[in-house]
Amino acid sequence: MSQTRKPRRLDRNQRQSAAWGKRLSLRLLILVSMILVSMILVTEAALAQNGEGNGRLVGKFAPDLAPVAARAHSAAANETVQVIVQYKQLPESAQEGRVLQLGARLNHRLGMVKGIALTIPVRALPALEADPEVLSVTVDHPMKELDDTTDLATGMPSAWNAGYNGAGIGVAVIDSGINGSHPDLWNSTETHSRVVYHQDFTGTATSNSSGAQHDLYGHGTHVAGIIGGNGYLSGGNYAGVASGVNLVDLRALDLNGSGSDSTVIAAIQQAIALQSTYNIRVINLSLGRGIFVSYTQDPLCQAVESAWKAGIVVVVAAGNYGRLSVDGSNGFGTITAPGNDPYVLTVGAMKSNGSTSPSAETKASYSSKGPTTFDHVVKPDIMAPGNDIVSLSAQGATLESAYPNELITGSDGNNDYFTLSGTSMATPVVAGAVALLLQENSALTPDQVKARLMKTASKVFPNSTSAWVPHLSQNFTDFYDLFSVGSGLLNMQSAITNTDLAPATVGAALSPSAVVNQSTGAVSLVYGNSSVAAGSVVWGASVVWGASVVWGANISGSSVVWGAALPWNSSQLSAFSVVWGPSTSATSALSVVWGSVKSSADAAFSDAGDDEQ
């Protein structure tokens, strides 16, 4: 490929990212994505009004599968559907034999959720439901990736100066693969790769004629570089967060950046199995899909919870749908799965606006907002830089071939780096930060890591900011409430020096849920089964572990959420009026976001590249 841009030669603590070019195909993809998702949102709103939008099973079927099963008698003989079947007990050969007799094909064994992934004739769904050993049947949903770090903005130099680089910590990257031959992913003496393990779960090719290996899409290598690249080919300009980590490559997305629930679950299952072998303490999930069922009944969410309970910090992208506004929703309620799970650490994206100062960081308008569909969990948990991030390229991969103008030349004269944006890029910033914390104190539990990062996050924000997106000819305004920016911007300078410990018990740092009293209009943030009086601080300077804030209908500007420095007044509470609204609203009492049958088009890569002014 031809050289299109000279790499910046900046000090590591001052490196800037390259800007995206404007492309007609990019604009069209954004518009098509938005139209598709908007159509699906309206469908879900209608279902919610009819009482089918609570995310609960219909018999043994998930809500989005129930309509398919209802027409099983009229389905064509060759019409199939991909599903995940969960059993009351771990399925064995007898259970597998029964579904094979129904004409099903076994795709994956998913022991961690007592399930199997199948491609099964639609006509066979009633027989599957009639099996007394079957607990639930959900769609095996399509999965997509969600698309330089300003280190000063997140305080990374403080951790580096203290000698931390993530050495000895294993990070599992569940993505489109990692090109482990990239020199930036080798050890400090450049004798061997720090990508210590590769496994494919897609069943597709892992190399091509252009020279790409393991990562034919280019997304996973970029993510891996943000976590652990050492900047070898850029004089340190494009180094990642934790340059000493070992990376475990679990490929769940193919050359188009697509996978499914079952490929991701199988990869999570393998990460747990390899935990002790490679000291896997972190899983990075820069991917997501729509929410079709409550997290309590979603096998994908059950999988991330299993990893969390096994002692692995699971860091997940929030999603890139913050610009969607259906019926005036202003982008609220657009968090993707499995970022909707209250256990995991869910990350939204900020942008640097050409500055290395933390105070210059503002929310990227595409970054998804909470609360989550069905369960109203408060997300995202934390924010990190994610816009115009320069990281490693996988030469010959799909993204690099499609967007050659985003390639950057390294010191060897090759196109070694690439620019991407999105919550996919913010997520590995946090995953790398987790590795640094765990190197400092390996005894920290996932809940203690999550709580510390949220408590120490920077909470100084303006009341609102606006971003003009030229190709959409539209201005987007963001308010800095907890559904938009969570606990604040990642601050490693504070996190690495903080010694406060949340309880070590699993679930001690669950993200709270927002609950509305339909009679009084009072809104409460509920942590587990408990709540405390208004004015208390959650994750703030005087942390209330295991509790949260209760608000009445009249919320004053002095209310304290996530710390006193974070403004929260009545003009910024549009999330509440959108989500719960008047009794005549289509979204009354429900966070209505994702469609009931089809997976929405992923707008990550397209939205990620937008120039905001």
Side-chain angles (χ1 to χ4, degrees), residues 1-10 15-33 144-149 175-185 205-226 229 231-235 237-238 240 253-258 286 320 366 386-422 424-425 428 469-471 602-612:
M1 297 178 183
S2 61
Q3 179 176 332
T4 58
R5 182 183 297 146
K6 295 291 186 183
R8 298 187 178 95
R9 297 299 181 188
L10 304 176
R15 65 181 184 270
Q16 309 264 338
S17 57
W20 275 89
K22 300 170 188 173
R23 303 176 60 88
L24 178 60
S25 60
L26 195 64
R27 302 173 192 174
L28 290 175
L29 181 56
I30 296 167
L31 293 175
V32 171
S33 298
K144 290 282 287 183
E145 47 74 27
L146 292 173
D147 306 321
D148 176 15
T149 307
D175 210 287
S176 62
I178 303 174
N179 178 10
S181 64
H182 197 297
D184 283 27
L185 295 179
T206 57
S207 63
N208 63 21
S209 58
S210 299
Q213 292 186 353
H214 298 299
D215 183 10
L216 303 191
Y217 186 58
H219 190 267
T221 299
H222 196 275
V223 165
I226 296 171
Y232 179 78
L233 293 178
S234 65
N237 290 344
Y238 303 133
L253 306 178
D254 63 16
L255 81 168
N256 297 311
S258 298
S286 291
N320 296 330
Y366 54 75
N387 206 64
D388 285 343
I389 305 296
V390 177
S391 185
L392 312 185
S393 71
Q395 295 182 32
T398 303
L399 289 179
E400 283 78 354
S401 299
Y403 299 92
N405 289 339
E406 306 309 327
L407 288 162
I408 299 174
T409 307
S411 59
D412 61 355
N414 295 321
N415 293 318
D416 300 304
Y417 300 96
F418 194 61
T419 308
L420 285 173
S421 300
S424 276
M425 283 59 254
V469 181
H471 74 277
D602 180 74
F605 181 70
S606 53
D607 275 1
D610 294 338
D611 294 322
E612 297 182 355

Trainee: Measuring from atom CD1 of I389 to atom CZ of F418, what distance do you get when rounded to the nearest 0.5 angstrom?
Mentor: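 I389 CD1 to F418 CZ: 13.5 Å, rounded to 0.5 Å.
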Trainee: Do you know the tightest heavy-atom contact between N179 and S181?
Mentor: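 Minimum heavy-atom contact is OD1-OG, 2.6 Å.
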Trainee: With a 3.5 Å distance limit and no angle check, can you tell me whether D175 reaches the backbone of G177 through a side-chain donor-acceptor pair?
Mentor: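 Between the backbone of G177 and the side chain of D175 there is no qualifying donor-acceptor contact (under 3.5 Å).
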Trainee: Please determine, by modelled atom types, if D184 and Y417 share a side-chain donor-acceptor pair under 3.5 angstrom.
Mentor: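 A donor-acceptor contact under 3.5 Å links the two side chains.
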Trainee: Show, in sequence, the C-alpha distance, side-chain angles and deciding distance for H182 and L233, and conclude whether the side chain to side chain contact (heavy atoms under 4.5 Å, CB included) test is met.
Mentor: CA-CA 9 Å; H182 197 297; L233 293 178; 4.0 Å; yes
Trainee: Indicate the atoms forming the closest heavy-atom contact of I178 with D215, along with that distance.
Mentor: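 Taking every non-hydrogen atom into account, N-CB, 3.8 Å.
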Trainee: Return the CG to CG distance between N256 and L399, rounded to the nearest 0.5 Å.
Mentor: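 So the gap between those two atoms works out to 9.5 Å.
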Trainee: Between Y238 and I408, is a side chain to side chain contact (heavy atoms under 4.5 Å, CB included) present by the stated rule, with each step listed?
Mentor: CA-CA 11 Å; Y238 303 133; I408 299 174; 4.2 Å; yes
Trainee: Is it true that the side chains of D412 and N414 contain a donor and an acceptor less than 3.5 Å apart?
Mentor: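 Judged by distance alone, the side chains do pair up.
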Trainee: Looking at every heavy atom in both S393 and N415, which two are closest together, and how far apart are they?
Mentor: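 So the two residues come closest at OG-O, 2.7 Å.
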Trainee: Does Q395 form a side chain to side chain contact (heavy atoms under 4.5 Å, CB included) with D416? I'd like the steps, not just the answer.
Mentor: CA-CA 7 Å; Q395 295 182 32; D416 300 304; 3.4 Å; yes
Trainee: Looking at S176, P428, S391, which one forms a side chain to side chain contact (heavy atoms under 4.5 Å, CB included) with H222?
Mentor: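 Option passing the side chain to side chain contact (heavy atoms under 4.5 Å, CB included) with H222: S391.
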Trainee: When rounded to the nearest 0.5 angstrom, what is the spacing between CG in L255 and OG1 in T206?
Mentor: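 One finds 11.5 Å between CG of L255 and OG1 of T206.
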Trainee: Which atom pair, heavy atoms only, marks the closest approach of S421 to N387?
Mentor: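 That would be OG-C, 3.4 Å.
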Trainee: Between A394 and G218, which heavy-atom pair has the shortest distance, and what is it?
Mentor: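 Result for this residue pair: CB-CA, 4.1 Å.
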Trainee: How long is the gap from CG on L420 to CG on L392, to the nearest 0.5 Å?
Mentor: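 Answer rounded to 0.5 Å: 11.0 Å.
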